[in-house]
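Just so it is clear, the model here is predicted, and its values are computed rather than measured. As a basis for the values below, the full set of heavy atoms in this structure was taken, side chains included, without hydrogen atoms, waters or symmetry mates.
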Amino acid sequence: MLQLDVFLLILRLLFIVLLYLFLMQVVIAITRDLKVASTSSASENSGAPVLGHLVVIGGSSTLAPGTRFNLMPETSIGRGPANTIQLTDSFISGVHTELRFRNNHWHVIDANSRNGTYINNQKVEPGKPLIAKPGDTIQIGFIQFQLTP
């Protein structure tokens, strides 16, 4: 009977060791994938100059006020993974808004979103660009941003 107890104890210890080794491999794989993803996203944006920022000023429970997003010459904003700025808010469409820098001005274009895009409380009609300047408030869904240089 003593041999069976010792054998079961050894099996339990072996199981625990194997479980910890498996969990360690999962953590290593996730860490490696996150490093690759962050490196590739940084290298994707490294070729385009940052021409301004959108700073969160309110309206979001998931984004802290003061959160800054870099603006490229052509920036798409939405919930979809292909956007330059990806927001996870449920009131944001897959592709919600586009910002384009042309002739030293930001042109804000609503991409036919469900909840609309606003500049200083003025609705941006889908497909019709409105010019925004630094200091303006841009509302995308319910999230309010300030456009900064």
Side-chain angles (χ1 to χ4, degrees), residues 10-149:
I10 291 172
L11 278 179
R12 287 180 187 160
L13 290 174
L14 183 63
F15 176 74
I16 291 172
V17 168
L18 289 174
L19 184 63
Y20 276 106
L21 285 173
F22 172 75
L23 290 175
M24 187 174 70
Q25 290 297 321
V26 168
V27 168
I28 289 170
I30 290 173
T31 304
R32 186 179 322 124
D33 286 347
L34 287 174
K35 285 181 183 176
V36 168
S38 68
T39 303
S40 66
S41 67
S43 66
E44 286 174 6
N45 291 335
S46 65
V50 174
L51 299 174
H53 299 91
L54 282 180
V55 180
V56 176
I57 57 174
S60 173
S61 60
T62 58
L63 296 172
T67 303
R68 296 172 63 94
F69 295 97
N70 294 337
L71 293 176
M72 305 301 147
E74 292 194 12
T75 302
S76 62
I77 302 171
R79 206 173 44 207
N83 290 293
T84 311
I85 299 174
Q86 185 179 6
L87 302 173
T88 57
D89 193 297
S90 61
F91 291 98
I92 304 292
S93 298
V95 177
H96 196 100
T97 305
E98 294 179 10
L99 278 81
R100 297 181 185 153
F101 194 71
R102 302 281 188 269
N103 301 323
N104 290 327
H105 293 90
W106 283 105
H107 297 261
V108 180
I109 305 158
D110 184 79
N112 204 19
S113 64
R114 181 175 292 176
N115 293 308
T117 303
Y118 298 84
I119 300 174
N120 297 327
N121 295 323
Q122 180 183 357
K123 185 170 176 61
V124 177
E125 295 300 322
K128 296 181 181 177
L130 276 181
I131 293 178
K133 51 190 179 315
D136 283 352
T137 300
I138 299 174
Q139 183 174 330
I140 300 171
F142 292 119
I143 303 174
Q144 295 175 342
F145 298 92
Q146 184 174 37
L147 181 62
T148 63

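Taking CZ of Arg114 as the reference point, atom CD1 of Ile92 lies at 12.5 Å (rounded to 0.5 Å). Interatomic distance, OH of Tyr118 versus OG1 of Thr97, reported as 11.0 Å (0.5 Å rounding). Annotation: the span from Asn83 atom CG to Glu98 atom CD amounts to 8.5 Å, rounded to 0.5 Å. The CD1 atom of Ile77 lies 8.0 Å from the OG1 atom of Thr117; values are rounded to the nearest 0.5 Å. Here the straight-line distance linking atom CG of Leu19 with atom CD1 of Ile16 works out to 8.0 Å at 0.5 Å rounding. In this structure, His53 NE2 and Asn70 CG are separated by 4.0 Å, a value rounded to the nearest 0.5 Å.
Of all non-hydrogen atoms in Ser113 and Gly116, the two that sit nearest each other are OG-N, 3.1 Å. Residue Leu54 comes nearest to Ile138 through the heavy atom pair CD2-CD1, 4.0 Å, listed as atom of the first residue, atom of the second, then distance. The two atoms that bring Gly80 and Gln86 nearest to each other are O-CG, 3.6 Å, heavy atoms only. For the pair Val95 and Ala111, the tightest heavy-atom approach, listed with the atom from each and the gap, is O-CB, 3.5 Å. Between Ile131 and Ile119, the shortest heavy-atom contact is O-CD1, 4.2 Å. Summarising the geometry of Asn115 relative to Phe91, their closest heavy-atom pair is ND2-O, 2.9 Å, with the distance given to 0.1 Å.
At least one side-chain heavy atom of Phe69 sits less than 4.5 Å from a side-chain heavy atom of Leu87.
Under the rule for a side chain to side chain donor-acceptor pair (under 3.5 Å), Asn112 has no partner lying at least two apart in sequence or in another chain.
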